Structures are given as structure tokens and as C-alpha cells.
Amino acid sequence: MWYLCVFFHRLLDYRRAEVEALAELFGAFDDHQLQRPLQWKLPENHHPDSPFHFVNLPSEELTRNIANRSLLVKGIYELWGEGDNYEELEKAVTSYPEERKLPYLTTETTFRIVVDSFGKIINFEEQNERIQSLKFVPFKGRVNLKNPEQKFWLMETDNYGSNNGLPPVVQKRIFFGREVGAADRKLLPTYQLKSRKYLGPTAMDAEMAFLMANQALATKGKLVYDPFVGTGSILVAAAHFGAMTMGADIDIRVVRDGRGPDCNVWSNFKQASHHFLDFSSLLALDVCFRIALPFIGGDGFYSSPICFLRSIEYGLPMPISLLRADNNLPPWRQGLKEIFDAIICDPPYGVRAGGRKSGGRKLLKGVIAPYTVPDDKRTGHIPSTAPYSLAECVHDLLELAARMLVMNGRLVFFYPVLREDGTTNINFPKHPCFTMVASCEQILSFRYSRYLITMVKTGPYTDDIAELAMKMHLEFKENHLKWLEDGNLHSAVFSPASSVNGASGDFNRDSKPKYRGKYV
Amino acid sequence: MRLLTHNMLSCNIKGVTNGFPLRIEVEKSMEKEVDFNIDFLKSIFSKVEWTALVDAARSLGYNELPEEVADSSTMLESSDFLKKFHHALLELHLEEGALICPETGRRFPVNKGIPNMLLHEDEV
């Protein structure tokens with residue numbers, strides 16, 4: 001059955017991919033209920049970035065599951081009618097089959113009608129007028145604004161002009177339908193980064209981490225691994241959905257020590273957040289207290305209201321394992337394979353944080369040979385590390401995933417892309433064991449964007465592939481410097497624009513398209 | 001460090017061929033409760049090196065696991081066995097100690113529950 005799927009106007013490229021991943025998770029493709037990928041349609045004259053889409057899903061229960069678990073679905077609706085004006089809408093809704101409508105309009109049900117518009121604001125009086133105009137729908141139930149059994153939505157989109165950053169609209173369109181399910185975005189303020197105790201400079205923001213966990217089909221009983229775990233942001237999202245988690249990082253200070261006993265990766269899982277006051281109002285309260293303190297007197301100690309932040313806990317299951325390991329030389333035993341259900345990560349590409357691997361060549365003092373650690377210094381020795389090139393990092397990640405993922409397991413990771421002349425040149429990594437099912441762009445700047453890539457393991461990891469990978473590994477080792485030069489994103493992203501565009505590279509500000517699409 | 005992790009790790013110093021299983025040196029161990037999930041246990045069972053798990057559990061003072069699992073399909077239906085397997089695999093936790101390479105004797109320290117598997121400059 002076709003449903004109206006309305007998205008939030010965010011992360012446009014990620015929206016359909018999320019619904020498709022969740023359809024997979026909830027079994028839409030099992031027993032050939034549906035053909036992969038999902039069937040989508042756009043309303044007539046709508047821009048592909050419009051929030052209104054039609055999607056074909058096999059059952060209402062599955063549709064509700066998808067909507068409720070998603071982050072980017074504002075709601076999925078059984079459409080009762082649509083039209084360019086209210087006369088057309090009335091005709092459409094009236095002719096919609098009675099047996100589809102009446103069960104939701106009986107005297108026993110409670111309901112409310114929500115009026116919504118995309119691209120402009122409808123004020124309270126206008127909303128009331130719109131609701132009154134729906135008299136042709138025979139509502140018999142009681143109105144309940146707080147906790148209705150049925151929610152009906154009246155949604156409009158109109159020509160709001162072209163210069164407000166939204167996708168262009170050709171003509172007015174009105175939709176009326178019954179809500180089947182909607183995203184629970186309340187989990188985002190709960191998990192937002194600013195409420196976390198332990199943060200690193202590149203912690204993944206909560207919305208993106210949850211999207212990654214959805215793409216990876218994280219759920220109860222699955223084992224999810226992050227080889228670049230850092231402060232654990234991605235695993236927190238996977239653990240929220242019930243997955244068992246494992247993480248590794250090359251930096252022992254991050255995984256083992258954090259910033260003390262109550263501020264480390266573990267504490268991010270049992271971590272506190274506050275539902276009643278947001279952080280900025282607490283901060284304001286804190287400032288007031290501090291200003292007032294000298295006048296109130298006291299012993300000089302004062303408990304900041306920010307401490308209240310620690311009053312509520314996520315209570316997530318702790319990671320099964322955190323370890324310090326190098327993704328370039330993983331310590332897995334021979335014969336170990338197909339153990340993880342998903343690998344999710346944001347590899348260090350050298351834009352915001354550079355990757356490191358074993359094999360540093362820092363000269364050691366007072367030693368036998370330049371790189372030999374003397375026996376008396378072995379305990380507690382901190383080995384130096386070498387920079388890790390992008391190409392090698394991706395190679396190692398794909399190899400790890402090919403070997404360690406179960407069949408049909410998913411690899412979800414970010415891949416950086418340089419954009420030239422405002423367009424993106426895409427050359428995605430490939431591997432014989434994997435099929436790419438989604439690539440979602442997020443534009444970060446005029447010159448740089450990142451793709452969230454979702455790959456499914458569709459081929460077994462054979463001895464031939466392993467041998468090829470080993471050859472590649474040795475080649476990386478030999479040509480270390482060359483690879484470092486090739487993958488130097490940092491300088492490409494941060495050097496002045498003219499050095500990239502050549503002499504004629506006067507950066508033309510007007511060349512920015514008016515409709516920014518994937519920037520949101 | 002859970003014993004599931006121990007069961008996956010080996011010493012990967014260059015040239016080492018028998019880096020598994022790592023011997024466990026215990027300074028401090030504890031038990032940490034983990035939600036029981038039958039489906040997970042059944043799927044992970046075939047990936048576990050059983051003898052290594054039995055020995056590791058013993059070194060943490062847990063002797064309830066059978067030496068050998070002859071008929072895994074019937075064993076995996078026994079809730080008594082699954083509980084023991086769950087406890088040994090996921091709830092026994094090495095907080096402080098070391099993992100020792102059976103071939104070279106290299107100590108990989110375990111502090112605050114985190115094994116440090118990073119190699120020194122002359123070991124890669």
C-alpha cells in the first residue's frame with residue numbers, strides 16, 4: 001500500500017536511505033513481501049528535496065515500526081485525499097473508501113487534527129479556519145489534544161518564493177491523512193553532545209550517530225564494533241537500540257583514562273542528562289549564582305546547578321569490550337572471522353583529526369639499535385606512532401569488515417570527498433565482498449563533503465581475497481610517504497581556495513546556488 | 001576485559017605464529033552483569049574457541065564449564081549450560097592484570113579493564 005511519508009527538512013540525502021534500512025530491519029523484504037529497493041514516488045511537480053514522498057510498504061504495523069524508530073521521518077500517513085485547493089481536497093477525501101475511514105471516526109475514538117505547512121507559517125486563527133473547513137469528514141469521536149488515539153494531519157505546501165533556501169514549489173498542494181507513525185526525536189535532546197560528560201574534539205553528534213546505527217540495523221542481540229571508538233558516541237547510539245558493543249582505539253588515554261573515574265567512555269553509557277531544564281538555562285542560572293555568591297556569603301564552596309545535569313542516567317548496557325589496538329595491525333587471532341553483525345565508524349581522515357598507526361620511527365635514547373626498546377624500559381613504554389594515510393585506512397577498514405562481519409552484516413562509515421567547482425567527484429572505495437546499498441552526502445563546506453556509506457557483505461572472504469589484501473598491505477608499507485601525500489585532505493581543505501582553483505580562481509560568491517539542497 | 005574479548009585476541013608480534021590463547025595473569029577480577037540473550041549466545045557459540053574459554057574461565061576462578069562440548073545442538077537447548085556459557089563469556093571481567101603471549105612471553109597489560117594490545121616499535 002502507498003503511504004505519504006513526510007520528512008524533516010534535514011540531511012536530505014539520508015532520508016530515503018534511512019527508511020530503506022529500517023524496512024530491511026523490520027522485515028519488509030523477508031519472504032519476498034517487497035522487491036528491493038523500496039518503491040518511491042514524488043507528488044506531481046515536487047522537487048526531489050521536497051519533504052513529501054510516497055512510499056510503498058506492505059503493512060501498517062511495519063510502517064509504524066519504521067516511522068517510530070526513524071530520526072528523519074516526521075510522520076508516515078495513510079493519505080485520505082490531496083488536492084491543489086480545498087474543493088479538490090474535499091472531493092478526494094469524500095471519495096476515499098468508507099471502510100478505510102469509518103473505523104477511525106467512531107464515537108469511541110479520541111482524535112485531534114494537526115494543521116501543518118511547509119515553507120510558511122499558518123497562524124492560530126487560520127489553523128482554526130482550516131480545521132472548521134474539514135466539516136465534510138464525519139468525525140464522531142471526542143477531541144483529545146494531549147493524548148489522542150488518532151491524529152489527523154492537514155498539510156499544505158505553497159509557493160513561498162524561491163530565495164529562502166527551500167526546494168522550489170510549483171503550485172500549492174494540500175494533503176489530508178491519518179498518522180500511522182512518527183519519529184521520536186525526543187531522544188536527541190536526551191543524548192545531545194552538550195549533555196555528555198566525556199567529549200573529544202571529533203565526537204559524533206547524536207542525530208548522526210543514531211542515523212548510523214539505523215543504517216547498520218543495530219538491534220538487540222547484535223554485536224556492533226567501532227574500530228575508532230574515541231569517546232564512544234557511535235556505540236552509545238547502537239547500545240540505545242539494544243546492540244552489544246565493542247570498541248577499539250589506538251589512543252590509550254581516550255579508551256582507558258578519559259578525564260577521570262567519572263568522565264570516560266564507560267561513563268558516557270550510564271551518563272546523565274536533564275529533561276526539565278536545557279543546558280543554556282542551567283548555565284544562566286549558574287552565572288546568576290556565581291554573581292550573587294559574594295553577597296550571600298557562605299564558605300566559598302557552592303554546588304553549581306550544572307551538577308543537576310548528572311541526575312538522570314541513560315542506563316545503557318556498557319560496551320562488552322574496549323581495547324587499545326591498532327586498526328593497521330589488528331590483534332585478532334588466526335581463524336577468527338564473521339563475528340560482528342555490524343561495523344560502524346568515522347575513520348580519522350586527517351581533516352579534523354589525523355589517523356595514527358603502529359610503526360613509529362621516533363629515535364629511542366640510549367638504545368642498542370635505533371628502534372629497539374631496551375628490556376628494562378619495556379614495561380610502561382609508550383611506543384611512537386606513524387601517520388596513517390587515507391587510502392591505507394580505508395583499505396584496512398574494508399579488510400577488517402570483509403573478514404569479521406557475518407554474511408549480510410553491514411559496514412557503515414564516513415568517506416570524505418573533495419568538491420571541485422561546487423560539484424562532487426565521487427570515487428567510492430570498492431571491495432569484492434561488499435555491495436554498497438546507500439551513499440548519503442552531507443556537504444560540509446564549499447570544497448569538502450562527506451558521504452555516509454552503507455555496505456552489505458554479500459560475498460564470502462576467501463583465501464584469494466585475503467592474499468590480495470596482504471599484498472596491498474605490504475605495498476602500503478613500502479610506499480608509506482607516497483600514500484600520505486596522496487591522501488592529504490587537511491591541506492586540500494584548509495589551504496586558500498586560489499591555490500586549488502589556479503590563477504583564475506577568484507572565488508565568486510554569486511556562484512553559490514540559491515537553493516542549497518544538501519547543505520541542511 | 002570480558003572473556004569474549006580474550007577469546008578473540010592473540011599476540012600479533014611480527015613472526016609470532018602461535019600467539020593464541022594468551023595466558024591470563026590476574027591481579028584483580030570482578031563480575032559484571034550483562035543482559036542474557038539466548039539468540040546472541042547461540043550465534044556466538046560456533047565462533048568461540050572452547051578450550052581457550054574453559055582455561056580462561058578457570059584462571060579467573062570459574063570451574064563450571066564442561067571440558068568439551070561434544071553435541072553442541074543439544075547443549076545449546078539446555079538453559080543450565082547457556083547460563084554458564086553466558087556467565088563465563090560475558091560476565092567474568094579482568095580489571096587489572098596482563099595477557100601473556102604463549103610463544104614470546106610478551107606481557108600485554110590490562111588496566112582498568114582495557115587490554116593494551118599496541119606493539120612496540122621493534123615488534124611490528
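Keep in mind it's a predicted model, so treat the numbers as computed, not measured. Convention: sequence-line order gives letters A, B, ...; per-chain numbering from 1.
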Main chain of A:Glu338, side chain of B:Lys47: is a donor-acceptor contact present, judged purely on distance under 3.5 Å?
yes

Which portion of A:Lys220 sits near chain B, non-hydrogen atoms under 4.5 angstrom:
both

Part of A:Pro317 lying under 4.5 Å from any heavy atom of chain B
neither

Step-by-step side chain to side chain contact (heavy atoms under 4.5 Å, CB included) determination, B:Asn7 to A:Arg333
CA-CA 8 Å; B:Asn7 209 274; A:Arg333 70 171 153 86; 3.3 Å; yes

Working to the nearest 0.5 Å, report the span between CG of B:Asn111 and CZ of A:Arg324.
11.0 Å

Decide yes or no on side chain to side chain contact (heavy atoms under 4.5 Å, CB included) for A:Leu323 and B:Leu9, but give the supporting numbers first.
CA-CA 10 Å; A:Leu323 66 146; B:Leu9 294 178; 3.7 Å; yes

Engaged part of B:Ser43 at the chain A interface, taking heavy atoms whose separation is under 4.5 Å
neither

So, the part of A:Met318 with a heavy atom under 4.5 Å from chain B: the answer is neither

So how far is it from B:Leu118 CG to A:Leu329 CG, rounded to the nearest 0.5 Å?
8.5 Å

So with a 6.0 Å cut-off around CG of A:Asp463, is the heavy-atom count from everything else above 12?
no

Comparing A:Gly335, A:Ala248, A:Ser321 against chain B, the one with the most heavy-atom pairs below 4.5 Å turns out to be A:Ser321

Is B:Val48 in contact with chain A via its backbone, its side chain, both, or neither, using a 4.5 Å heavy-atom distance?
backbone

Indicate the atoms forming the closest heavy-atom contact of B:Phe40 with A:Gly221, along with that distance.
CD1-O, 3.4 Å

Should we count NZ of B:Lys32 as having more than 12 external heavy atoms under 6.0 Å?
yes

Apply the test side chain to side chain contact (heavy atoms under 4.5 Å, CB included) to residues A:Met246 and B:Met8: give CA-CA distance (whole Å), side-chain angles for both, the deciding distance (0.1 Å), then the verdict.
CA-CA 12 Å; A:Met246 270 182 91; B:Met8 294 167 70; 3.8 Å; yes

Against chain A, label B:Asn116 side chain, backbone, both or neither, depending on which of its atoms sit under 4.5 Å from a heavy atom there.
both

Check whether B:Glu33 gets within reach of chain A through its side chain, its backbone, both or neither, counting any heavy atom under 4.5 Å.
neither

Can you tell me how far apart CG (B:Asn37) and CG (A:Leu223) are? Round to the nearest 0.5 Å.
11.0 Å

Run the numbers on A:Gln334 and B:Phe20 for side chain to side chain contact (heavy atoms under 4.5 Å, CB included), then give the verdict.
CA-CA 8 Å; A:Gln334 271 176 19; B:Phe20 180 85; over 6 Å; no

Side chain, backbone, both or neither of A:Ile320 within contact of chain B (heavy atoms, under 4.5 Å)
both

